[in-house]
Amino acid sequence: MTITAVKTLDPVTVEIIRNALTSAADDMNATLIRSAYSPILYEGGDCVVALLDTEHRVLGQSAGLPLFLGNLETCSIAVEELYGREVWQEGDVWILNDSYLGGTHLNDVTIFAPIFDNGSVVGFAATRAHWMDMGSKDVGGSMDATDIFQEGFRMGPVKLMEAGIETSVVDLIRTNVRFPYQTIGDMHAMIAALRMGTTRMKELVSRYGMEQLDAARDEIFRQTEEIERETVRNIPDGVYEAEGVLDNDGINLDTPIPIRLKITVAGDTVDFDVTGSADQTMGPVNCGAAQAVSALRVGYKLLVSPDSNSNGGSFRPLTTQVRSGSVLGAVAPAPCQWYFSHLGLLIDLVSKAMAPAMPDRVASASHGDSMIITAAGFDPRFGRNFVSMEATLGGWGAWKGMDGESAMINNVNGSLKDLPVEMMETRYPLRINEYSIRPNSGGPGQWRGGNGVVREYEFLADCVVGLWFERSKTPAWGLFGGSDAQGPEVVINPGRQDEVRTLKANARKIKAGDVVRLAVGGGGGFGDVAQRSREDVEYDIVNGFITEDFAKTHYGY
């Protein structure tokens, strides 16, 4: 395939514009995080922003959640498909959280707006952020929802602001969520991010003019596509397959959910096909097709272009096949609250499938899921209700020449951060008794998988706790002779007569003084275990990554 730029442009100017667009997105993200009211945003960074061109292609996207990679544009495209191009008006702001359009759960809210200059649309600014409560049947989200209507307030694309004035939608949101003050505060933070994006985009238009910006955009897209096609051309043609299972859907606990991936490489193109995966489920592990495509893009990017920013030229060699009505292409009224579990598995499956063709690029599997704990109740210290939600860290897989990293967020969440102990203990009625690396949890290999963590909570007030831990039936696997990692464990009141072991729970009643101990799995090992040097094994023992008994059993130490 021949790729040509629309117009020859000074390469220095192209690079300045490329970096200006990325910096504009970073400014938007900083504005959102610094203005947010919820810890999951201002501490955790559970958000992403982007600038789009007039055809809804990514110009610049901030570091954030890879799971939303190339996904924000589906929202502005949905508006245009519903109402036509003429619907865009200056000063309007739109909002959407429909799981079947945006692909995620209802808590992930997308707010976006057209950018006008001299009366014409010159692009779009978009933000997505997690809102802590959307009025679901359980505070913050349900682990046992069986349809979308139990999961909260659902919005198709509607105007949040019209000609700069808030619409009645704001009142609808305020009256349908349990924590309106912080929710509306986060909404305004997202709008502030849009304004920052609008300002930065108009500055670029003023400085360069639309003709030069469009030429630079086309050249940036051309370069990105060319680099990706060259990498794909170097992959041997063929069909590559992999599969794994989720433990269950949270309702039918004895029924695993198969996820199947077939990759076809032909010349400078690659096709990802997940149509063989399970039908949509009764429990809330489903996602809209847009989110499945995002996960496939993450898996593709990890192997094809991990070092470059995403833009409208990215993913052009990639096609995807997602079956409507499947767990990866859900349709109403399928519940979607914990939509990301199979997506982390899917990203790992891309590496597993491509391992024979790309042994120097792939990594063994990671712990693979967000490993969620939620808590909600009444805080007697402040006389108010509370809700918290955390993703728990785990181990990443090893790869050729490098051990896996320990205590990392899962691959779908990227720059999401764990919440600081000090903040948690100050803001919520709980104490974190332990936060440590979990020894021996990474898979052995010539290069060892990273370890997961142990995080133990002692609750200081009665509350309810939700748990969503996955990947016990398909823990992180090793590659090329590396061994599998340990999976997750959750123990409520360990060592007591009322001890309970469970990986999933919905609104489980917890008394003051109860303890919940989380142990997250590690990453898979890479390469023949027998090839790991004695020096590396000794280093692992000294630094607490493994115990001596583990070293004797797995490495013959």
Side-chain angles (χ1 to χ4, degrees), residues 141 143-144 244-250 253-257 259 283-285 337-349 364-375 389-398 404-413 416 418-419 432-444 448-457 465-478 483-495 499-506 508 515-525 545-546 550:
M143 278 65 176
D144 64 351
V245 298
L246 293 184
D247 295 348
N248 53 64
D249 68 353
L253 300 182
D254 297 323
T255 304
I257 311 299
I259 303 297
V285 297
Q337 184 67 43
W338 308 109
Y339 70 94
F340 43 70
S341 293
H342 47 42
L343 302 182
L345 175 60
L346 191 56
I347 292 166
D348 280 338
L349 289 175
S364 299
S366 71
H367 68 288
D369 193 47
S370 297
M371 310 297 180
I372 295 294
I373 178 170
T374 67
M389 187 185 83
E390 291 185 86
T392 318
L393 309 183
W396 279 37
E405 296 289 346
S406 298
M408 296 286 284
I409 201 70
N410 57 319
N411 51 20
V412 304
N413 280 323
L416 186 74
D418 57 328
L419 299 182
I432 296 178
N433 294 329
E434 180 181 351
Y435 194 22
S436 62
I437 299 293
R438 183 188 182 193
N440 305 332
S441 55
R448 172 186 49 77
N451 282 325
V453 303
V454 173
R455 192 162 166 108
E456 183 179 279
Y457 300 78
V465 163
L467 298 167
W468 190 273
F469 277 59
E470 258 290 343
R471 295 286 291 271
S472 69
K473 288 187 171 63
T474 307
W477 55 79
S483 298
D484 295 352
Q486 289 188 40
E489 295 179 356
V490 179
V491 186
I492 300 173
N493 295 327
E499 175 182 295
V500 174
R501 292 176 178 267
T502 184
L503 293 177
K504 292 186 173 75
N506 185 71
R508 184 181 183 91
V515 170
V516 178
R517 185 176 178 84
L518 314 177
V520 181
F545 292 115
I546 62 174
F550 187 89

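Computed from a prediction, not measured in an experiment: that's the story for all the values here.
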Colleague: Can you name the closest pair of heavy atoms from Asn451 and Ser406 and give their distance?
Modeller: N-OG, 2.8 Å
Colleague: Enter the distance from Lys504:NZ to Glu470:CD here, rounded to the nearest 0.5 Å.
Modeller: 3.5 Å
Colleague: With rounding to the nearest 0.5 Å, note down the distance linking CD in Glu489 to CG in Leu503.
Modeller: 8.5 Å
Colleague: Check whether any side-chain heavy atom of Val453 lies under 4.5 Å from a side-chain heavy atom of Tyr435, and answer yes or no.
Modeller: yes
Colleague: Please identify each residue that fulfils side-chain hydrogen bond (donor to acceptor under 3.5 Å, both in side chains) with Asn411, with sequence neighbours left out.
Modeller: Asp348
Colleague: Counting N and O atoms only, with roles assigned by atom type, does the side chain of Asn248 sit under 3.5 Å from a partner on the main chain of Thr255, one being a donor and the other an acceptor?
Modeller: no
Colleague: Donor-acceptor pair, Asp484 side chain versus Gly478 backbone, under 3.5 Å?
Modeller: yes
Colleague: Test your reading of the model: is there a side-chain donor-acceptor pair from Ser472 to the backbone of Gly487, 3.5 Å cut-off?
Modeller: no
Colleague: Please step through side chain to side chain donor-acceptor pair (under 3.5 Å) for the pair Ser370 and Trp468, ending with a clear verdict.
Modeller: CA-CA 8 Å; Ser370 297; Trp468 190 273; over 6 Å; no
Colleague: For the residue pair Leu416 and Ala391, what are the closest heavy atoms and their distance?
Modeller: CD2-CB, 4.1 Å
Colleague: Once you round to the nearest 0.5 Å, how far does OG1 of Thr474 lie from CD1 of Ile257?
Modeller: 11.0 Å
Colleague: Search all heavy atoms of Ile373 against all heavy atoms of Val465 and return the closest pair with its distance.
Modeller: CG1-CG1, 4.1 Å
Colleague: State the CD1-CD1 distance between Ile546 and Ile437, to the nearest 0.5 angstrom.
Modeller: 14.0 Å
Colleague: Are the side chain of Asp247 and the backbone N or O of Lys473 linked by a donor-acceptor pair below 3.5 Å?
Modeller: yes
Colleague: Please round to the nearest 0.5 Å and tell me the distance separating atom OG1 of Thr392 and atom CG of Asp418.
Modeller: 9.0 Å
Colleague: Can you give me the closest heavy-atom contact between Ala476 and Gly524, atom names plus distance?
Modeller: CB-N, 3.5 Å
Colleague: Is Ser364 reaching over with its side chain to a backbone N or O of Gly397, donor-acceptor style, under 3.5 angstrom?
Modeller: no
Colleague: Just by distance, do the side chain of Gln486 and the backbone of Asn440 share a donor-acceptor pair under 3.5 Å?
Modeller: yes
Colleague: Within the distance-only criterion (no hydrogens, no angle test), does the side chain of His342 pair as donor or acceptor with the backbone N or O of Val285 below 3.5 angstrom?
Modeller: yes
Colleague: Does Gly452 offer a backbone N or O that forms a donor-acceptor pair with the side chain of Ser441 under 3.5 Å?
Modeller: yes
Colleague: Hey, does the side chain of Arg517 reach the backbone of Val454 with a donor-acceptor pair shorter than 3.5 angstrom?
Modeller: no
Colleague: Hey, could you give me the NE2/CG distance between His367 and Leu393, rounded to the nearest 0.5 Å?
Modeller: 7.0 Å
Colleague: With Leu467 as reference, evaluate Thr374, Thr502, Ile372 under the side chain to side chain contact (heavy atoms under 4.5 Å, CB included) test and give the passing residue.
Modeller: Thr502
